[in-house]
*Asks:* 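This is the structure I want to talk about, given as structure tokens.
Predicted, not measured: the structure shown is a model, and the values here were computed from it.
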Amino acid sequence: MQRRTLLSVALSTASVGALGALGISQASAATLDPNLPPGGNFDLAVWSLQLPVGSPGSPETISPARLKGPNGYSNPSFFWTDKNDGSMTFWAPEKGVTTPNSKYARSELREMNADGSAANWTLAGNHTLSAQLRIVSVTKNVAVGQVKLGTGGTSTKPLAELYYRPNGDIYFGTQNSPDASGQTLHKVGNVALGVKWTYVINVNGSKINLTINGVKTTYTIPSAFNPYRQYFKAGSYNQSSSESTTNGAKVKFYSLTVRHG
């Protein structure tokens, strides 16, 4: 996204009432059925789920076909509907099975296509991930939304990650280049633990537009990323590890939508 020397950030404000125009669904506790699995309240036909269990380097993955609909998959330990407010709840402990290129466990959705294949879109066009959520617990840091690199090169880094910390600080990490040169962190807000907030991550050509609770920032994507395709991720990607299965990050979603155009 942006190198420190190429940082292009624009700030604007919008009322909460304008969130619909930013792509936020109006789903709330009143429209979520606590008695249904997550797939009964959310469109999970375009997502697969990665869990912090399985064999080393190969976390268990739940397909869209198993996730979607009122009889869809749920897991009382890692992915379930909250019986009080109907939220789609993700739990990722500090100790769990990880993917080969990460040391952190996750309970996280990975964007898929309607035909069941893995989403893998170009930077050209207009791509938007929108969510309303709250973080119930986190030990150090949790990623709740990602733009991840797909095919086009050897890098498996994220293009961008949205982080939440225990003190309520929200950071947007933008990858400096496709190699291992690291991220630039941008503080984009603060919301107290347990309080609902919204995000919209919009990728449009050479720009990423991020909106947190109606406040927008814009970042330039370095040209080194142009050969790569992308996909979205959302959930609880815990950014700390230990031998503890009781410490970790619990994240609740009240709306989650993806749009391409």
*Asks:* Just to verify, what does Thr151 make a side-chain hydrogen bond (donor to acceptor under 3.5 Å, both in side chains) with, not counting sequence neighbours?
*Replies:*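 In terms of side-chain hydrogen bond (donor to acceptor under 3.5 Å, both in side chains), with neighbours along the sequence ignored, Thr151 is linked to Asn120.
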*Asks:* Show your working on side chain to side chain donor-acceptor pair (under 3.5 Å) between His186 and Thr174 and close with a plain yes or no.
*Replies:* CA-CA 8 Å; His186 317 276; Thr174 59; 2.9 Å; yes
*Asks:* A side-chain contact here means heavy atoms from C-beta on lying under 4.5 Å apart; do Ser155 and Tyr228 qualify?
*Replies:*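 Heavy-atom side-chain distance check passes, below 4.5 Å.
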*Asks:* Using only atom types and a distance under 3.5 Å, with no angle test, would you say the side chain of Thr89 pairs donor to acceptor with the backbone of Thr81?
*Replies:*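 The answer is no, because no donor-acceptor pair under 3.5 Å joins these two groups.
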*Asks:* Where does the angle between the aromatic ring planes of Phe79 and Tyr73 fall among parallel (under 30°), tilted (30 to 60°) and perpendicular (over 60°)?
*Replies:*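 Judged by the thresholds at 30° and 60°, the geometry between Phe79 and Tyr73 is parallel.
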*Asks:* Apart from Val136 itself, what residues make up its hydrophobic cluster, given side-chain heavy atom links below 4.5 Å?
*Replies:*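 Cluster partners of Val136: none, it stands alone.
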*Asks:* Taking the side chain as every heavy atom from C-beta outward, state whether Leu133 and Tyr199 have any atom pair closer than 4.5 Å.
*Replies:*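 They are in contact (side-chain heavy atoms under 4.5 Å apart), so the answer is yes.
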*Asks:* Could you tell me which residues satisfy side-chain hydrogen bond (donor to acceptor under 3.5 Å, both in side chains) with Asn141, sequence neighbours excluded, listed by chain and number?
*Replies:*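 Result, side-chain hydrogen bond (donor to acceptor under 3.5 Å, both in side chains) vs Asn141: none returned.
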*Asks:* With rounding to the nearest 0.5 angstrom, report the CD1 to CH2 distance, Ile212 to Trp197.
*Replies:*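 Interatomic distance, Ile212 CD1 to Trp197 CH2, rounded to 0.5 Å: 5.0 Å.
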*Asks:* Is there a side-chain contact between Thr211 and Thr217, using heavy atoms and a 4.5 Å cut-off?
*Replies:*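 A side-chain contact under 4.5 Å is absent here.
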*Asks:* Are any of the side-chain heavy atoms of Leu210 and Tyr219 separated by less than 4.5 Å?
*Replies:*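 Yes, at least one pair of side-chain atoms sits under 4.5 Å.
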*Asks:* Starting at CD of Gln230, measure out to CZ of Phe225 and round the result to the nearest 0.5 Å.
*Replies:*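 With rounding to 0.5 Å, CD (Gln230) is 8.0 Å from CZ (Phe225).
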*Asks:* What is the distance from atom OH of Tyr254 to atom OG1 of Thr31, rounded to the nearest 0.5 Å?
*Replies:*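 Those atoms lie 11.5 Å apart.
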*Asks:* Cut-off 3.5 Å, side chains only: do Thr257 and Asp43 have a donor facing an acceptor?
*Replies:*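 Side-chain D/A pair, Thr257 to Asp43: absent.
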*Asks:* Lys187: which residues meet the salt bridge (Lys or Arg N to Asp or Glu O under 4.0 Å) condition with it, sequence neighbours left out?
*Replies:*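 Applying salt bridge (Lys or Arg N to Asp or Glu O under 4.0 Å) to Lys187 gives Asp169.
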*Asks:* Among residues two or more places apart or on two chains, list those pairs meeting side-chain hydrogen bond (donor to acceptor under 3.5 Å, both in side chains) that have a residue in residues 101-114.
*Replies:*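 As it turns out, the side-chain hydrogen bond (donor to acceptor under 3.5 Å, both in side chains) pairs with a partner in residues 101-114, which skip direct neighbours, are Thr99-Arg106, Ser102-Tyr237, Arg106-Glu108, Arg106-Tyr237, Glu108-Gln146, Glu108-Lys233, Glu111-Trp121, Glu111-His260, Asn113-Ser117.
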*Asks:* For Thr154, give me all partners under side-chain hydrogen bond (donor to acceptor under 3.5 Å, both in side chains), at least two apart in sequence or on another chain.
*Replies:*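 None.
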*Asks:* For Thr128, does its backbone N or O pair with a side-chain atom of Asn204 as donor and acceptor, under 3.5 Å?
*Replies:*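 Judged by distance alone, no pair lies under 3.5 Å.
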*Asks:* Looking at every heavy atom in both Pro227 and Ser223, which two are closest together, and how far apart are they?
*Replies:*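 Here Pro227 and Ser223 meet closest at CD-O, 4.1 Å.
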*Asks:* Should the pair Arg134-Asp85 be classified as a salt bridge under the 4.0 Å nitrogen-to-oxygen rule?
*Replies:*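 Yes, this pair counts.
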*Asks:* Okay, side chain of His127, backbone of Thr122: is any donor-acceptor separation there less than 3.5 Å?
*Replies:*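 Answer holds: yes.
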*Asks:* Tell me whether Leu36 shares a hydrophobic cluster with Leu256, the cluster being built from Ile, Leu, Val, Met, Phe, Trp, Tyr side chains joined at under 4.5 Å.
*Replies:*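 No.
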*Asks:* Locate the shortest heavy-atom distance separating Lys140 from Ser240; write the atom from each residue and the value.
*Replies:*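 Residues Lys140 and Ser240, closest heavy atoms: CD-CB, 3.7 Å.
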*Asks:* To the closest 0.5 Å, what do you measure between CD (Glu161) and CD1 (Ile201)?
*Replies:*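 Glu161 CD to Ile201 CD1: 10.0 Å, rounded to 0.5 Å.
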*Asks:* Go through the steps for Val251 and Trp91 under the test side-chain contact (heavy atoms from CB on, under 4.5 Å), then give the verdict.
*Replies:* CA-CA 7 Å; Val251 181; Trp91 163 251; over 6 Å; no
*Asks:* Mind checking whether Ile208 and Asn202 have side chains closer than 4.5 Å, heavy atoms only?
*Replies:*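 No - every pair of side-chain heavy atoms lies 4.5 Å or more apart.
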*Asks:* More than 12 foreign heavy atoms under 6.0 Å from NZ of Lys252: is that the case here?
*Replies:*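 Atom NZ in Lys252 is crowded, with more than 12 foreign heavy atoms closer than 6.0 Å.
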*Asks:* Does the side chain of Gln50 come under 3.5 Å of the side chain of Thr61 through a donor N or O and an acceptor N or O?
*Replies:*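 Judged by distance alone, the side chains do not pair up.
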*Asks:* Where do Pro37 and Ser74 come nearest, in terms of heavy atoms and distance?
*Replies:*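 Reported closest heavy-atom pair: CB-CB, 4.4 Å.
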*Asks:* Taking Lys148 for its side chain and Thr156 for its backbone only, find out whether a donor-acceptor pair lies under 3.5 Å.
*Replies:*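 At least one qualifying donor-acceptor pair exists.
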*Asks:* For residues Ser242 and Glu94, is any side-chain donor paired with an opposing acceptor at under 3.5 Å?
*Replies:*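 Their side chains do contain a donor-acceptor pair, which is all the 3.5 Å distance test asks for.
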*Asks:* Give a yes or no answer on whether the side chain of Tyr164 reaches the backbone of Val191 with a donor-acceptor pair at less than 3.5 Å.
*Replies:*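 Yes: the side chain of Tyr164 pairs with the backbone of Val191.
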*Asks:* Could you tell me the separation between the CG atom of Leu123 and the OG atom of Ser206, rounded to the nearest 0.5 Å?
*Replies:*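 Taking CG in Leu123 and OG in Ser206, the distance rounds to 8.5 Å.
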*Asks:* So, for Asn238 and Gly248, which heavy atoms are closest and what is the spacing to 0.1 Å?
*Replies:*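 Scanning both residues completely, I find the closest heavy atoms to be ND2-CA, 3.7 Å.
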*Asks:* What distance do Thr139 atom OG1 and Asn247 atom CG have between them, rounded to the nearest 0.5 Å?
*Replies:*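 Between Thr139 OG1 and Asn247 CG, I get 6.0 Å after rounding to 0.5 Å.
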*Asks:* For residues Phe42 and Val46: do they belong to one hydrophobic cluster (side chain heavy atoms under 4.5 Å, members Ile, Leu, Val, Met, Phe, Trp, Tyr)?
*Replies:*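 Yes; Val46 is reachable from Phe42 via cluster members.
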*Asks:* Run the side-chain contact (heavy atoms from CB on, under 4.5 Å) test on Leu49 and Phe90 for me, step by step, so that the C-alpha distance in whole Å, both residues' side-chain angles and the decisive distance to 0.1 Å come before the verdict.
*Replies:* CA-CA 10 Å; Leu49 174 68; Phe90 300 81; 4.1 Å; yes
*Asks:* Using side-chain heavy atoms (C-beta onward) and a distance below 4.5 Å, is Trp47 in contact with Phe232?
*Replies:*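 When only atoms from C-beta onward are counted, Phe232 and Trp47 do touch, with a gap below 4.5 Å.
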*Asks:* Side-chain contact test, heavy atoms from C-beta onward, threshold under 4.5 Å: evaluate it for Pro52 versus Phe78 and give yes or no.
*Replies:*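 A side-chain contact exists here, since the closest heavy-atom pair is under 4.5 Å.
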*Asks:* What are the two closest non-hydrogen atoms of Gln183 and Pro158, and how far apart are they?
*Replies:*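 Scanning both residues, the minimum pair turns out to be NE2-CG, 3.9 Å.
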*Asks:* Mind checking whether Val188 and Tyr171 have side chains closer than 4.5 Å, heavy atoms only?
*Replies:*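 The answer is no; the side chains never approach within 4.5 Å.
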*Asks:* Looking at every heavy atom in both Pro178 and Lys157, which two are closest together, and how far apart are they?
*Replies:*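 Shortest heavy-atom separation between Pro178 and Lys157 comes out as O-CG, 3.8 Å.
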*Asks:* Quick one: do Leu109 and Leu32 end up in the same hydrophobic cluster if we chain Ile, Leu, Val, Met, Phe, Trp and Tyr together by side-chain heavy atoms under 4.5 Å apart?
*Replies:*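 Both belong to a single hydrophobic cluster.
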